[in-house]
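Here is the structure we will look at, set down as structure tokens.
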Amino acid sequence: VKMAAVLERSFIEICGFERETLPRFREITVNPGLNALPGGVKYPDSAGGFHYEESGKLLSITSNRCIHWSTSGDTVQLVEQSLDTNLLNNAVKLKITHCPLLPGGVHIQETLNNVIILIVTNQTVHRLVLPHPTRMYRSELVTELQMQSIFTDVGKLSLQDPAHSAVIPSPVGQTAGPTASAAWLSHQGEAHYALASPAGGILVITLPPHDTQGSMTVLELKRSSVMQRLAGWMPTAIRLSLVRELEDDTFIFALCQDHKLRMWSFRDQVCLMETDMLEYMPACRGVKGSPGQGHRLRLAFSPSTGLCLAVYLAVPSRGQFTVLQLVATDNNRYSLDHISSLFATQETLVDFALTSTDIWGLWLDDTNQTVVKYINFEHSTAGQWNQVFVQPAPEEEVHIGADQDPRETYLDMLFSPLRFTASAIVKALQIYRRGTERIADLPWETLKKEVTVAVENELQSSVTEFEFSQEEYRQLQVEFWSKFYACCLQYQEALATPLGLLLNPHTHMVCLLKKGFVSFLLPCFAVDHLYLSFDEYLFSEEETPVTEDPEVSRDVLQLVQCLRLVSDAVPGDMAYEMEKALEHLQSPERAAEMVLENLLANDNENVIEDIQNKLQDIRNPVSAMAALIREMDLETDSEPRGEGPLTTGLSVRISLSQLYGSSVAVAVICQAVCQMAMTRVLFCRDLLILQQLYLRLGDNVFLAGGDQLLQLQQDLIPRSSHLLSSYYLLKQISQSLATAVPLDIIDANLQHLSVLELSDSPALASNRSGVFEGITARHKITHLDHIMSSFQFPECLMGNCQYTQLQEYVRLIGPWCQVNVGSCRFMLGQCYLANGEGQKALQCFQEAATEVEKEEFLLRLTGAEEEEVTAASRLQYYNKVLRLLEDVGLPELVIHLATLAITEAVNDPRSQAALWTRIFKHHLDLGHNSQAYEALTQNPDSSRQLDCLRQLVVVLCERSQLQDLVQFSYVNLHDEVVSIIESRARAVDLMSHNYYELLYAFHINRHNYRKAGTVMFEYGMRLGREVRTQLGLQKQVNCYLASLNCLRLIRPDYAWIVQPSSGAVYERPGASPKRNYDGEFATVSGQIDILELKDLQKEYALARSRLNLAQHHPPSAAIAGSASAVEMVSLLVQTGLFDCALSLCQTFKLSLTPIFEGLAFKCIKLQYGGEESQNEAWNWLAANQLSTIVTTKESSATDEAWRLLASYLEKHPTQNAQHHRCVINKLLSHGVPLPDWMVNTYKGVDAAALLRLYLNYDLLEAAAELVLEYVDALLGKGHQYFGIERPLSATASLVWLPYTSIDQLLQALNETQTNASIYNKLQDKLNDYHKLVDQTTRRRLQAQ
């Protein structure tokens, strides 16, 4: 009941323009081929509209949908608009060349399949046949945010087709067009146009149905004897479907210049009724003789009242509305019953509308200001019109504070809501630029920049002085910005010219059609109604919907009158000071007290005295103030009304979600909120000033004494101050514009919200033009207070990346709002994060943590809103924030916050472990190795500790920060570290990672030399097996050297190591079992091999020889890695590294025979090879050290090779000179003559063996020669060359001959004729020897 009373009181105008968009009209020109009529009659601009039949039906496709139009000259603009859905291609500008449209010359009707638009100009009539929305979109459920308008395909229509257009026939000599018109569709689909002929009479033009063939017909309704010239207005025709009781006919009503109302039957073409309207007008003297130029006629039909007519009689000094009801009598006769006569003021009537109960009027007053009023013509006994508070024009003068920048102040005025449309600013900018180029559809911020540049350029171009003071520059700014502002004012005033009213009988929505935009008339709240009412209305009020108590109601009205006096008394500079105090978060009470002191000090007109006098009439001011405060309090009545939960189907819920979802509706709601907030800021300001005055007056005005004064001071003033701050906040955020956000920032924000698990929150609506509009689109501001208290608005700002606006919101709400304090701190932290101020963000997040268990948003953030709130909630909060900080990339802040969170997890080892792990990770990432190690040691979870340890090892190895890794103490973690490094060493590539070397350094650092030696030996073994390159062999040598060094540092008794397993078979955790070739599990031998120092030396020597080989012959590296000592000797010999091979043989106690054979073979090759082999030989010869250097003559490679062989034979003697024997055997096997030095050397050691070699290779002459020399040596000739100390004699030692070989030689010589002489010579020499032996033997025997 209370709300109903408020709604009947007054309405307030809310502009429906979208601030950021220019209307986009598609322009279509129709050329009928006519010339303009002579005389140049100019019709006034007009506007009207059409509402769909089902516009008030919730689930309808045409819900809250209408078409409005405006005419200007020969152009008509048609716009289809929906409050629920954005319509595409919804605006058309139709130009009919040389044919101005008649006022009200557009008539729209709908059929089942089509929307028909009938247009009347001064020379033509037209019909547009458009598809009905229900035929364009057949789904019963509307879920799209936008859809196509019925005007989408209007460009495809053939508008000049004779079936859809016709030229109005005119009598010969007539030059004037019709003055008024009406049009309608018949049941058969025919289009009828009724025109008021200048000659008198009514001309009816009929076009056949659009889907049938036919031609135009013309019918004239005229009674020359009775009919006066029709003039002024013929608004409409009544169809049979609307007036069923009036039989099958259509009636045309005409209000003529003779002040008579006539009703014509279209079927019978007769005038059925004629009524003189002056009969209903008292004191009509003087009116009868004057023509009724400004008369207006409106019709309304309802099932309850039937057909009503409202006639406006325009009289020079006054106007009168007469409401009549059409009554049918017998014999097809009709009469009019008088219902009401209402008098209007002297303003110029622009338009009026009639409903079944009300008349709405639109006037322009003497100052050209818009006036709108409405009245219930049935129940208004006093004839009191209800107020409509129209939107005032923007202020002509802009107040600029001393501390304000003129440019910023003017920009705020121009681009704030409720003041200027984008069209006005763009037109002013075009004029200001003096350019001809057309400004495109600019974004709001771009338009703002363009305006700034234009004004600043104009200012700069006018400056002739190079230097001037800051004050002079400020004055210049004010001058040029005020000039541009005045230009915008002119265009805004032109665009705001009212043209008509549009009422929706189905939804009772009232629209004010203006030249440049449409505004909506919304019901006014009780407090706003009282504060905005004109004085004559306020003084005549007897009760108020604020309270039901008549005594309190009287006091409230008196109090509001005082508030109005205060409002009028506050000067502009003090109003600015008050607003600045709110902006700077100063005390509202102190600011109000300052304003009051100023009023008292400058009360030249005794306003304060008048207020005091009125205060005396208020019996109980405290109750009156409490009633007003209660009415304005956002926290009261916050729950939605209703008996129980909403139990509706899915389709209804989806349709409800679409309700008022279009950008137009959002703009209207936002501007309504802004308007309400602005009004109530002023109301609360004035109330607070008045309360300060009460405090100053004290007991003089409080009849009840000190209790009321105390209540005022302790309760009402703080509540008023709180309300003022609340509405100031609401005003600021509703005036703020949304910032355009780049896509990358939107994506980053979505990522952050998903980290917080808030991305699916219902408050996160899509970005709109105003920051208030995102949440408006979803929640429709049905319960604004509920939205503010539930923290959905800040969520919406955060979700749409409006960080600047969110910061301002938190700043303004901070000093006085004690709800959602922690949530606000969290939001502020989000803003700081987005702006790169991490430390500030961290501080905010910490402050929010204390409120986690108390606030719904923070509980939802932690996921604990449906669970029991526990101490773990704060830990959950910390985890979310930590994840957010990690996502943003602020590891230092993660460490700081995680350290703080650990104090909350004293009794939760699992959470502690997770936090310590997080701290470790980020310290490690930042390179804080010592701190990372400390965090690792603090971790109570052994498995996590081991994971961290493993990560520490790997990361520090990759960074080559091995010094830190080795020097950590690893208390109680020593074996784990070794195990980790060992497992890593055995699992990764040997050449790209240095885990073995790290482990070696680790053991050396702890003086564990045996383990260090074992590690390096294993490293060397694996290098030999797995890395068959020269670099690998070099590393292997170094590994064995390091291992040797380690063992040499140990006492000899302990200088041993356990040989590592071969084949890389290690018992690693998680390693798969190995199988043999038969598929059986391979058994690992349990045998342990001990390696001592000498064993390592052998391995080192072998590795060294491998490296030497690879250095001289790189291709050998691939096979040398796994070669044994014997194989290595062969490889070295083949390469010519004889010194190295000798050393290896000596180390492993191998035979030197392969070396001598190999060297002998190389000598043979050199001796018989060409120059190329000589050159190659120097390479391997240089790798072997010769004992002496020959400087006497030039030496060849062959000579050097023989010298090398000779030196080896000399350095490495054997008991039987077997090295000589193998060399000689090699030479003889290749048919190479033996060098003399070798023969001489060998025969002095073992002549018999030399003889056998000669015999083996059939060298009979050399053998015979050797025997002859040997026998001579026994006989005393050259015995020293054969190693015989004394020749044959009785006193010398025994001598002998190799008789078997000699016999073989003799046998061979005897068998060939060519060697007969040698045979005889040898036989003679042997005979001489035998004789001497015989003599010597006898002598020895005798001597015995």
Side-chain angles (χ1 to χ4, degrees), residues 585 634-635 638 722 725-726 729-730 732-733 736 749 752-765 771-772 774-775 778-779 783-835 837-838 840-867 869-885 887-888 893 897 900-901 904:
L585 308 181
L634 289 174
E635 295 182 7
S638 63
H722 186 279
S725 299
S726 301
L729 168 68
L730 192 55
Q732 291 299 101
I733 60 177
S736 299
N749 186 53
H752 300 164
L753 292 175
S754 65
V755 167
L756 296 172
E757 298 177 11
L758 290 176
S759 54
D760 57 349
S761 171
L764 304 181
V771 298
F772 208 76
I775 192 128
R778 288 294 177 94
H779 303 281
H783 296 280
L784 178 66
D785 45 333
H786 175 67
I787 290 167
M788 301 299 283
S789 62
S790 68
F791 208 65
Q792 290 179 348
F793 181 68
E795 278 191 77
C796 173
L797 292 180
M798 180 181 71
N800 289 296
C801 310
Q802 302 300 308
Y803 301 117
T804 304
Q805 293 85 343
L806 181 53
Q807 275 183 277
E808 180 67 4
Y809 171 85
V810 174
R811 184 185 76 84
L812 290 175
I813 208 172
W816 53 269
C817 182
Q818 302 307 313
V819 180
N820 292 317
V821 175
S823 302
C824 285
R825 300 312 294 170
F826 179 85
M827 289 295 184
L828 191 57
Q830 280 279 76
C831 296
Y832 285 138
L833 267 190
N835 295 330
E837 298 178 275
K840 290 182 180 178
L842 181 64
Q843 182 66 31
C844 291
F845 291 144
Q846 288 178 227
E847 292 169 358
T850 57
E851 307 295 323
V852 167
E853 296 90 352
K854 308 170 189 173
E855 298 179 12
E856 183 269 337
F857 170 76
L858 294 177
L859 285 174
R860 180 153 48 87
L861 186 70
T862 62
E865 57 180 341
E866 296 180 0
E867 303 172 7
V869 179
T870 61
S873 299
R874 196 173 295 187
L875 276 177
Q876 286 291 330
Y877 167 78
Y878 280 127
N879 281 330
K880 284 285 181 72
V881 176
L882 287 170
R883 286 176 59 194
L884 177 64
L885 294 173
D887 194 63
V888 176
L893 304 187
L897 191 62
L900 181 68
E904 299 282 344

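Bear in mind the structure is a predicted one, so any value in this text is a computation, not a measurement.
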Partner residues of Glu851 under the salt bridge (charged side-chain N to carboxylate O under 4.0 Å, His left out) criterion, sequence neighbours left out: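 With sequence neighbours excluded, Glu851 shows a salt bridge (charged side-chain N to carboxylate O under 4.0 Å, His left out) to Lys854, given in chain and number order.
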
Non-neighbouring partners of Cys817 that pass side-chain contact (heavy atoms from CB on, under 4.5 Å), sequence neighbours left out: Ile813, Val819

Pairwise salt bridge (Lys or Arg N to Asp or Glu O under 4.0 Å) hits with a residue in residues 818-831, at least two apart: Arg825-Glu847

Any pair counted as salt bridge (Lys or Arg N to Asp or Glu O under 4.0 Å), so long as it reaches residues 799-809, sequence neighbours left out: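 Qualifying pairs: Glu808-Arg811.
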
Closest approach of [X] to [Y] (non-hydrogen atoms, all atoms of both residues):
X	Y	answer
Gly838	Leu893	O-CD1, 3.1 Å
Leu858	Ala848	CD1-O, 3.7 Å
Gly829	Ala841	O-CB, 3.3 Å
Leu875	Ala901	CD2-O, 3.8 Å

Just how far is it from atom [atom1] of [X] to atom [atom2] of [Y], taken to the nearest 0.5 Å?
X	Y	atom1	atom2	result
Leu861	Glu856	CG	CD	10.5 Å
Asn879	Thr862	CG	OG1	10.5 Å
Gln818	His722	CD	NE2	8.0 Å
Ile733	Gln805	CD1	CD	11.0 Å
Leu812	Leu729	CG	CG	5.5 Å
Glu795	Leu806	CD	CG	10.5 Å

Listed partners of Gln846 passing side chain to side chain donor-acceptor pair (under 3.5 Å), at least two apart: none

Side chain to side chain donor-acceptor pair (under 3.5 Å) partners for Tyr832, two or more places apart: none

Check: Val852 and Gln876 side chains under 4.5 Å, non-hydrogen atoms: no

Close side-chain approach of Leu797 to Met827, heavy-atom, < 4.5 Å: no

Evaluation steps, side-chain hydrogen bond (donor to acceptor under 3.5 Å, both in side chains), between Glu855 and Ser823: CA-CA 7 Å; Glu855 298 179 12; Ser823 302; 2.6 Å; yes

ring-ring contact (aromatic ring centres under 6.0 Å, His included) involving Phe845 - partner list, sequence neighbours excluded: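 Listed in chain order: Phe826.
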
Indicate yes or no for a side-chain donor-acceptor contact from [X] to the backbone of [Y] under 3.5 Å, with no hydrogens or angles considered.
X	Y	answer
Gln732	Tyr809	no
Gln802	Asn800	yes
Arg874	Ala849	yes

Worked check of side-chain contact (heavy atoms from CB on, under 4.5 Å) between Leu833 and Leu885: CA-CA 8 Å; Leu833 267 190; Leu885 294 173; 3.9 Å; yes

